[in-house]
Amino acid sequence: MPDSETIFQSNPKWDGDGSSRIPFWAYTDESIYKKELERFFYSKHWCYVGLEAEIPNHGDFKRTVVGERSVVMTRDADGAIRVIENVCAHRGMQFCRARHGNKKELVCPYHQWSYKLNGDLQGVPFRRGVKQDGKINGGMPVSFKTEDNGLTKLKVATRGGVVFASFDLDIEPLEEFLGPQMLTYFDRLFNGRQLKILGYNRQRIPGNWKLMQENIKDPYHPGLLHTWFVTYGLWRADNKSQLRMDDHFRHAAMISTRGTGSTAAEVTAGVSSFKENMQINDKRLLDIVQEDWWKGPTAVMMTVFPSVIFQQQVNSVSTRHIQPNGSGSFDFIWTHFGFEDDSEEMTERRLIQANLFGPAGFVSADDGEVIEFSQCGFEQKPNHRTLAELDGIHIQDTEHMVTETLIRGMYNYWRKVMER
């Protein structure tokens with residue numbers, strides 16, 4: 001198989017304007033995938049690792065990933081958030097196996113090398129050897145220094161209780177990475193209120209990781225694919241809406257306001273997912289209460305490339321972490337949260353509405369399935385391409401949902417970075 005450089009130079013399927021027709025090999029080729037990891041997950045990009053509320057106390061930790069690399073997010077003795085690579089500096093073991101916990105130190109079980117919570121090496125068994133029959137056996141050489149053998153430390157940025165990390169120590173500030181327009185929507189959700197973790201969903205989706213970014217940059221499919229959205233008007237193509245991107249077209253926000261569109265008949269005619277007579281047994285699923293911090297929109301879906309989606313769908317709020325594990329698979333981790341000052345009624349409302357999302361959600365189960373079937377099509381017909389030309393081939397912010405401009409924007413950026 002040719003390497004990724006050869007593919008980019010010789011493959012004729014990058015036609016149109018170079019971002020509206022995406023070759024199937026972009027989702028299936030292993031050399032492309034390895035290059036994506038290096039260029040998007042391990043350099044020049046901030047990646048989501050978690051929420052500060054997940055590690056509130058000294059010694060708390062969470063094991064997660066950046067790309068395919070296992071990392072540990074900890075809260076140090078001084079209260080600082082640290083992110084370190086989960087690879088022992090001695091013999092390379094992934095020493096942390098628990099997802100969450102609390103420890104005074106990090107110890108590799110293989111040879112008991114121990115580290116401070118900030119990743120500094122603090123203890124090496126038999127470093128000075130073992131005394132036996134009047135002599136010292138073993139021991140580390142005189143040149144060995146603990147300060148030279150700590151764990152790999154990632155650069156960390158926090159904002160509004162959200163934690164990002166990067167292996168690239170020279171990366172631009174987080175605020176510059178997001179850009180001013182995306183910061184507006186980020187700060188709308190993470191506005192300084194103390195977050196409260198409500199729970200998690202985890203699933204493995206047999207599809208390329210980019211397909212989930214595409215899915216949340218595809219504003220018109222919810223009114224066609226998702227019975228729940230189109231039937232109850234939570235997300236319809238005719239709702240008052242805006243699509244916004246950063247200057248590089250890599251990040252995006254889809255903004256929608258429920259109940260601002262036409263009559264249902266005008267936008268649901270011929271849409272098979274619309275179920276006029278469908279009834280809800282548990283009416284609490286649509287017990288929606290306007291919150292002041294919404295400032296109008298009832299839903300904002302924000303994608304931060306490459307690793308995370310920030311969701312506000314009516315009263316349900318969550319992060320969705322994309323964790324690639326091969327060209328044709330990724331883990332998808334949902335962290336549902338609320339705010340410490342929520343009433344008990346609001347917390348219950350958020351939890352009930354969370355049933356719309358996650359692996360078995362009334363809405364999100366559809367997305368996992370269509371991503372899997374798309375990947376099957378890519379693998380079946382590797383020399384073909386997708387077509388993302390609804391509303392033309394331009395890339396720009398819009399005031400409507402009937403477009404694929406955000407997908408074109410993402411691949412415009414993707415191709416520039418991959419061909420750099």
Side-chain angles (χ1 to χ4, degrees), residues 30 33-43 45-52 54-55 57-77 80-127 140 144-156 163-169 200-206 209 306-308 319-335:
E30 281 296 323
Y33 171 68
K34 294 297 184 185
K35 191 171 182 179
E36 289 174 334
L37 289 176
E38 292 298 327
R39 298 203 173 186
F40 296 124
F41 289 91
Y42 305 149
S43 65
H45 292 73
W46 286 104
C47 288
Y48 170 84
V49 289
L51 301 174
E52 290 191 52
E54 296 179 271
I55 51 169
N57 304 310
H58 166 233
D60 286 349
F61 71 88
K62 170 191 173 181
R63 176 173 57 84
T64 182
V65 298
V66 171
E68 286 191 346
R69 296 178 183 175
S70 180
V71 300
V72 182
M73 178 175 70
T74 70
R75 189 174 289 273
D76 201 352
I81 304 294
R82 311 284 186 168
V83 179
I84 51 183
E85 189 169 17
N86 185 21
V87 176
C88 181
H90 178 214
R91 298 274 289 279
M93 178 178 171
Q94 289 185 343
F95 55 87
C96 181
R97 308 309 301 169
R99 281 189 179 134
H100 298 269
N102 183 282
K103 291 182 180 294
K104 295 180 180 179
E105 60 185 5
L106 302 171
V107 180
C108 178
Y110 197 176
H111 299 94
Q112 302 292 301
W113 280 37
S114 66
Y115 305 89
K116 297 178 182 178
L117 295 172
N118 67 359
D120 290 344
L121 179 63
Q122 65 179 4
V124 176
F126 312 134
R127 179 183 176 187
M140 299 298 284
F144 177 83
K145 294 181 174 59
T146 55
E147 58 265 31
D148 295 335
N149 290 276
L151 301 171
T152 296
K153 302 176 183 180
L154 283 69
K155 193 166 186 176
V156 176
V163 185
F164 293 85
S166 179
F167 282 94
D168 185 349
L169 301 184
Y200 299 92
N201 292 121
R202 295 177 173 87
Q203 66 187 118
R204 176 161 290 184
I205 298 178
W209 67 273
S307 63
V308 69
T319 70
R320 307 183 188 183
H321 190 187
I322 300 169
Q323 303 181 352
N325 52 55
S327 63
S329 176
F330 64 94
D331 290 336
F332 202 37
I333 313 303
W334 309 65
T335 302

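Everything numeric here is computed off the predicted structure, so don't read it as measured data.
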Residues 85-102 vs salt bridge (charged side-chain N to carboxylate O under 4.0 Å, His left out), sequence neighbours excluded, gives none
With sequence neighbours left out, the residues meeting side-chain contact (heavy atoms from CB on, under 4.5 Å) with Pro109 are Met93, Phe95
| Counting N and O atoms only, with roles assigned by atom type, does the side chain of Arg127 sit under 3.5 Å from a partner on the main chain of Met140, one being a donor and the other an acceptor? | no
Rounded to the nearest 0.5 angstrom, the SG-CG distance for Cys108 and Leu121 is 11.0 Å
Sequence neighbours excluded, the answer for side chain to side chain donor-acceptor pair (under 3.5 Å) partners of Arg69 is none
Distance col, row Asp168:CG vs Phe41:CZ, nearest 0.5 angstrom, shows 14.5 Å
Looking only at heavy atoms, the pair that brings Leu169 and Leu154 closest together is CD2-C, 4.4 Å
Hits for side-chain contact (heavy atoms from CB on, under 4.5 Å) against Arg75, two or more places apart or cross-chain, chain-then-number order -> Glu52, Ile55, Ile81
Closest non-hydrogen contact found for Gly150 with Ala89 is O-CB, 3.6 Å
Residues at least two apart in sequence or cross-chain that pass salt bridge (charged side-chain N to carboxylate O under 4.0 Å, His left out) with Arg204, listed by chain then number, are Asp331
Applying side chain to side chain donor-acceptor pair (under 3.5 Å) to Thr64 and not counting sequence neighbours gives none
One should read off an interatomic distance between Ser307 OG and Gln323 CD, to the nearest 0.5 angstrom, of 9.5 Å
Heavy-atom closest pair (Val72 atom, Cys96 atom, distance to 0.1 Å) is CG2-CB, 3.8 Å
query: Under a 4.5 Å cut-off applied to non-hydrogen side-chain atoms, are His90 and Gln112 in contact?
result: no
Original post:
Would you say Thr146's side chain and Gln122's backbone share a donor-acceptor pair under 3.5 angstrom?
Top reply: no
Inset, instruction - Determine, stepwise, if the pair Tyr42 / Glu68 fulfils side-chain contact (heavy atoms from CB on, under 4.5 Å). - result: CA-CA 10 Å; Tyr42 305 149; Glu68 286 191 346; 3.7 Å; yes
Quick note, salt bridge (charged side-chain N to carboxylate O under 4.0 Å, His left out) partners involving residues 103-124, not counting sequence neighbours, are Asp120-Lys153
Indicate yes or no: at least one non-hydrogen side-chain atom of Thr74 is less than 4.5 angstrom from one of Tyr115.
no
Note: Pro125 and His111 closest approach over all heavy atoms is CG-O, 3.2 Å
Contacts of Ser70 meeting side chain to side chain donor-acceptor pair (under 3.5 Å) (sequence neighbours excluded), chain-then-number -> Asn86
Heavy-atom distance under 4.5 Å between the side chains of Cys88 and Tyr110, does that happen here? no
Residue set satisfying ring-ring contact (aromatic ring centres under 6.0 Å, His included) with Phe164, at least two apart, ordered chain then number -> none
For Val49 and Ala165, the nearest pair of non-hydrogen atoms, with its separation, is CG1-CB, 4.0 Å
dist Phe40:CZ -> Trp209:CH2 (nearest 0.5 Å) comes out at 6.0 Å
ring-ring contact (aromatic ring centres under 6.0 Å, His included) filter on Phe144, not counting sequence neighbours, yields Trp113
Legend entry - Flag side-chain contact, heavy atom, 4.5 Å: Phe332 against Ile322: yes
d(His321 NE2, Tyr200 OH) to nearest 0.5 Å is 12.5 Å
Between the CD1 atom in Ile84 and the CG atom in Leu106, the distance rounded to the nearest 0.5 Å is 5.0 Å
The side chain to side chain donor-acceptor pair (under 3.5 Å) partners of His100 (sequence neighbours excluded) come to none
